[in-house]
Asks: 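Questions regarding the structure given below will be posed in turn.
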Amino acid sequence: MAMVGYDIRDSSIEYEEEEEEEEEEEEEEEVGTELKPHKKKAMLEFRCKLQDAIMDNNLFPRSKNDQELEIRSILDISLWGVPLLPSEGHEGTDIILLKFLRAKDFKVSEAFEMLRKTLIWRKEFTVDGILEEKFDSHLEESHMSYFCDTDRDGRPLLYNYFGVLKDKELSKKIFGAEARIEEFMRWRIQLMERAVQQLRFKPGGVDSIINIVDMKGSPGTTKELRMVCNKLLWMLQDYYPEIVRRYVFVNVPLWFYAYHTLFCKILDPRNRKKFIFARKTRVAKTLTKSTAPEHIPVQYGGLRRENDDEFSPENEVLEMIVKPGAIESIQIPVNEPGVTVVWDVTVVGGDVAYREEFLPHDEGSYKILIHQDKKMEASIRNSFYINEPGLVLLTVDNGGFKKKRVFYRFKLKPTLPMYILLRPNM
């Protein structure tokens, strides 16, 4: 299970992260074609209940003054692009229904009511047309929320950075009036609808996202921020069940743990288990458990750089383990001169000594120190032009008491030396 206690010692967090991984494996089994007998019975009952409600035009409550809904529009009703009428036999219908059943612990009546309220809310909130809406530029330009790659299972990663709210002028633009708060909520729901568009509701398809919340530089829990977060989380819980697989909070300050004890009261027990917390020293370790380092931004200890095409998927990311008190090196041999070596290196958890050097094969040549850090705390990219055969050596000195995982990649590209490029034309 995810973190539900509030002991912020590293050992406690690590223990709870391991439990969370075990629970994920159990949930994956439920996605398969065979459910346990009582869950299979609940699914059949849910299908029948929904089928009858649609066929009898009783899915939505109507007063005498309401105009009768056309039976054809009811039969065509869908959610997230998936038809809901079970008898149509769409491959995604049961996957959608299973999300509502899980959210209500396979209690059919409660799952049905949750689905009905979701459809009513979408109509009242005009969600179906929200993707075409345009919002004030400060929301888009704030980079408060954005999608960035996927985890190892293909789930979209939605990053949220609350540090931008330290800008009081921007915060006032977003939360300064009730109308602006409503616009912010619609913008956030638009993000969820964009997330849903990336999902595939079919057997074996990716049907959930990972929500990553960066608390670095957050201004704290202002009244407006608390209200918006509570309302948003309540909407995601009630109207997007099981669409968010995990909430990963990174760079978590101490004050947030106390706030979370109050914040989680609006959540049901199942959703509380989806919360994972990581302090600054554990951000990379937490994220790399489920996401490849090349898909994690460099500010979180990964290798991904914005607007960067230096490396391609063909440039394999390798891993090296450095034991406590040990020194390990990455060797990049270069047998032909006239190339530039480019490399990326990140150490999960940092806090190691790091050195880059070039060792020529010719014993008469000098060793060249390229770069040296007494304490490596961030991802590093560097390059070096090779004018004679030799070896680029990247050394990690782990003086700590815990093993370190090192991720790296490199490539060689032919390069003309600068003296040729700068030589005047004859």
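Scope of the values below: all heavy atoms of this structure, side chains included, with no hydrogens, waters or symmetry mates. Throughout, numbering of the chain's residues begins at 1 and tracks the sequence.
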Asks: Measuring only between side-chain heavy atoms, which start at C-beta, is Val213 closer than 4.5 Å to Tyr161?
Replies: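 Val213 vs Tyr161: side chains apart.
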
Asks: Do you see a donor-acceptor pair shorter than 3.5 Å between the side chains of Ser208 and Arg155?
Replies: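 Present: a donor and an acceptor within the cut-off.
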
Asks: So do Met43 and Leu98 actually touch side chain to side chain, heavy atoms under 4.5 Å?
Replies: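 They are in contact (side-chain heavy atoms under 4.5 Å apart), so the answer is yes.
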
Asks: Can you see which heavy atom on Gly154 is nearest to which on Val206, and at what distance?
Replies: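 Looks like O-CG1, 3.5 Å.
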
Asks: Which is it for Leu115 and Leu97 under the side-chain contact (heavy atoms from CB on, under 4.5 Å) test, yes or no, and what are the steps along the way?
Replies: CA-CA 8 Å; Leu115 173 59; Leu97 299 188; 4.1 Å; yes

Asks: For the residue pair Met215 and Pro253, what are the closest heavy atoms and their distance?
Replies: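 Taking every non-hydrogen atom into account, CB-CD, 3.6 Å.
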
Asks: How about Lys411: does its NZ atom have over 12 heavy atoms from other parts shown lying under 6.0 Å from it?
Replies: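 Correct, the count exceeds 12.
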
Asks: With Lys274 as the cation and Tyr247 as the aromatic partner, state whether NZ or CZ is under 6.0 Å from the six-membered ring centre and within 45° of the axis.
Replies: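 No cation-pi geometry.
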
Asks: Where is the tightest heavy-atom contact between Arg305 and Ile380, given as atom of each residue plus distance?
Replies: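 That closest heavy-atom pairing would be NH2-C, 3.7 Å.
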
Asks: Do the ring centers of Phe384 and Trp343 come within less than 6.0 Å of each other?
Replies: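 No; Trp343 has its ring centre 6.0 Å or more from that of Phe384.
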
Asks: I need the Leu191 CG to Leu158 CG distance, nearest 0.5 Å.
Replies: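 Leu191 atom CG to Leu158 atom CG measures 6.0 Å (nearest 0.5 Å).
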
Asks: Would you call Arg122 and Asp128 a salt bridge, taking side-chain N to carboxylate O under 4.0 Å as the test?
Replies: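 The answer is yes: the pair qualifies as a salt bridge.
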
Asks: Assess the pair Phe410 and Phe311: is the distance between their ring centroids shorter than 6.0 Å?
Replies: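 Centroid distance Phe410-Phe311: not below 6.0 Å, so no.
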
Asks: Would Arg116 and Trp121 count as a side-chain contact (heavy atoms from CB on, under 4.5 Å) here? Give the steps.
Replies: CA-CA 9 Å; Arg116 190 180 69 83; Trp121 169 78; over 6 Å; no

Asks: Going by an N to O cut-off under 4.0 Å, is there a salt bridge joining Asp207 and Lys99?
Replies: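 Yes, charged N to carboxylate O under 4.0 Å.
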
Asks: Are the side chain of Asp373 and the backbone of Lys375 linked by a donor-acceptor contact shorter than 3.5 Å?
Replies: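 A pair under 3.5 Å: no.
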
Asks: Can you tell me how far the CG atom of Asp308 sits from the CG atom of Asp344, to the nearest 0.5 Å?
Replies: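 Output value for this atom pair is 7.5 Å.
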
Asks: Only one of Tyr159, Phe162, Phe277 forms a ring pair (Phe, Tyr, Trp, His ring centres under 6.0 Å) with Phe249, so which one is it?
Replies: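 It is Phe277; the other options fail the test.
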
Asks: Passes side-chain contact (heavy atoms from CB on, under 4.5 Å), Ile386 versus Val392? Steps please.
Replies: CA-CA 9 Å; Ile386 307 296; Val392 173; 4.0 Å; yes

Asks: Out of curiosity, Glu133 CD to Ile189 CD1, how far, rounded to the nearest 0.5 Å?
Replies: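 Glu133 atom CD to Ile189 atom CD1 measures 11.5 Å (nearest 0.5 Å).
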
Asks: Side chains of Glu310 and Arg381: closer than 4.5 Å at any heavy-atom pair?
Replies: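 Yes, at least one pair of side-chain atoms sits under 4.5 Å.
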
Asks: With a 4.5 Å cut-off on side-chain heavy atoms, are Gln51 and Leu85 touching?
Replies: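 Leu85 reaches Gln51 side chain to side chain.
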
Asks: Side chains of Leu393 and Glu357: does their closest heavy-atom pair fall under 4.5 Å?
Replies: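 Heavy-atom side-chain distance check passes, below 4.5 Å.
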
Asks: About how many Å separate CD of Glu88 and CD1 of Ile54, when rounded to the nearest 0.5 Å?
Replies: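 Reported to 0.5 Å precision, the distance equals 8.5 Å.
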
Asks: Counting distance only, does the side-chain N/O of Ser145 pair as donor-acceptor with the main-chain N or O of Asn160 below 3.5 Å?
Replies: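 No, Ser145 side chain to Asn160 backbone: no donor-acceptor pair under 3.5 Å.
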
Asks: Quick check: does any side chain N or O of Asp238 sit under 3.5 Å from a backbone N or O of Met235, one acting as donor and the other as acceptor?
Replies: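 Not at all, since once roles are kept as given, no pair shorter than 3.5 Å links the two residues.
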
Asks: Quick check: closest heavy atoms across Ala278 and Thr286, and the distance to 0.1 Å?
Replies: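 What the structure gives for the nearest pair is CB-OG1, 3.3 Å.
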
Asks: Could you grab the distance from atom NZ of Lys289 to atom CD1 of Ile276, nearest 0.5 Å is fine?
Replies: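 If I round to the nearest 0.5 Å, the distance is 8.5 Å.
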
Asks: Closer than 3.5 angstrom, by distance alone: can the side chain of Asn398 be matched with the main-chain N or O of Lys402 as a donor-acceptor pair?
Replies: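 It does hold such a pair.
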
Asks: Can you check whether Asp153's main-chain N or O pairs, donor with acceptor, with Asp151's side chain at less than 3.5 Å?
Replies: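 The answer is yes, because a donor-acceptor pair under 3.5 Å joins these two groups.
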
Asks: Taking atom types as modelled and ignoring hydrogens, do the side chains of Tyr300 and Asp214 form a donor-acceptor contact shorter than 3.5 angstrom?
Replies: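 There is such a pair between these side chains.
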
Asks: Please find the pair of heavy atoms, one from Met114 and one from Pro241, that lie closest to each other, and give the distance.
Replies: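 Looking at all heavy atoms of both residues, the closest pair is CE-CB, 3.6 Å.
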
Asks: Testing Glu319, Lys285, Arg282 one by one against Val348 for a side-chain contact (heavy atoms from CB on, under 4.5 Å), which residue passes?
Replies: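 The passing option is Lys285.
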
Asks: Using 4.0 Å as the upper bound for N to carboxylate O, is an ion pair formed by Arg409 and Glu294?
Replies: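 Judged by the 4.0 Å cut-off on N to carboxylate O distance, Glu294 and Arg409 do not form a salt bridge.
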
Asks: Any chance you could measure Glu183, atom CD, to Gln190, atom CD, to the nearest 0.5 Å?
Replies: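 Taking CD in Glu183 and CD in Gln190, the distance rounds to 10.5 Å.
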
Asks: Using a 4.5 Å cut-off on heavy atoms from C-beta on, say whether the side chain of Tyr146 contacts that of Cys148.
Replies: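 In short, these two side chains touch, coming nearer than 4.5 Å.
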
Asks: Step by step, work out the side-chain contact (heavy atoms from CB on, under 4.5 Å) result for Ile370 and Phe358.
Replies: CA-CA 7 Å; Ile370 303 171; Phe358 175 69; 4.3 Å; yes

Asks: Indicate yes or no: at least one non-hydrogen side-chain atom of Val248 is less than 4.5 angstrom from one of Leu287.
Replies: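 Side chain of Val248 against side chain of Leu287, heavy atoms only: contact under 4.5 Å found.
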
Asks: Do the side-chain N and O atoms of Tyr240 and Glu193 include a donor-acceptor pair separated by under 3.5 angstrom?
Replies: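 Looking only at side-chain atoms, Glu193 and Tyr240 do form a donor-acceptor pair, the distance falling under 3.5 Å.
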
Asks: Minimum heavy-atom separation for Glu91 to Ile95, with atom names?
Replies: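 Where Glu91 meets Ile95 most closely, the heavy atoms are O-CD1, 3.9 Å.
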
Asks: Do Thr150 and Ile210 come close enough that some side-chain heavy atom pair is under 4.5 Å?
Replies: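 With C-beta onward as the side chain, the pair stays apart.
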
Asks: Looking at Glu242 and Phe100, would you say the former's side chain and the latter's main chain have a donor-acceptor pair under 3.5 Å?
Replies: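 It does not hold such a pair.
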
Asks: Can you confirm if the NZ or CZ of Arg186 lies within 45° of the ring axis of Phe125 and under 6.0 Å from the centre of its six-membered ring?
Replies: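 Here Arg186 passes the 6.0 Å and 45° test against Phe125.
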
Asks: Under a plain distance cut-off of 3.5 Å, with no hydrogens placed, do Ser383 and Thr340 share a side-chain donor-acceptor pair?
Replies: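 Side-chain D/A pair, Thr340 to Ser383: absent.
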
Asks: Is a salt bridge present between Lys404 and Asp351, judged by a nitrogen-to-oxygen distance below 4.0 Å?
Replies: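 Not counted as a salt bridge, because no side-chain N and carboxylate O are separated by less than 4.0 Å.
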
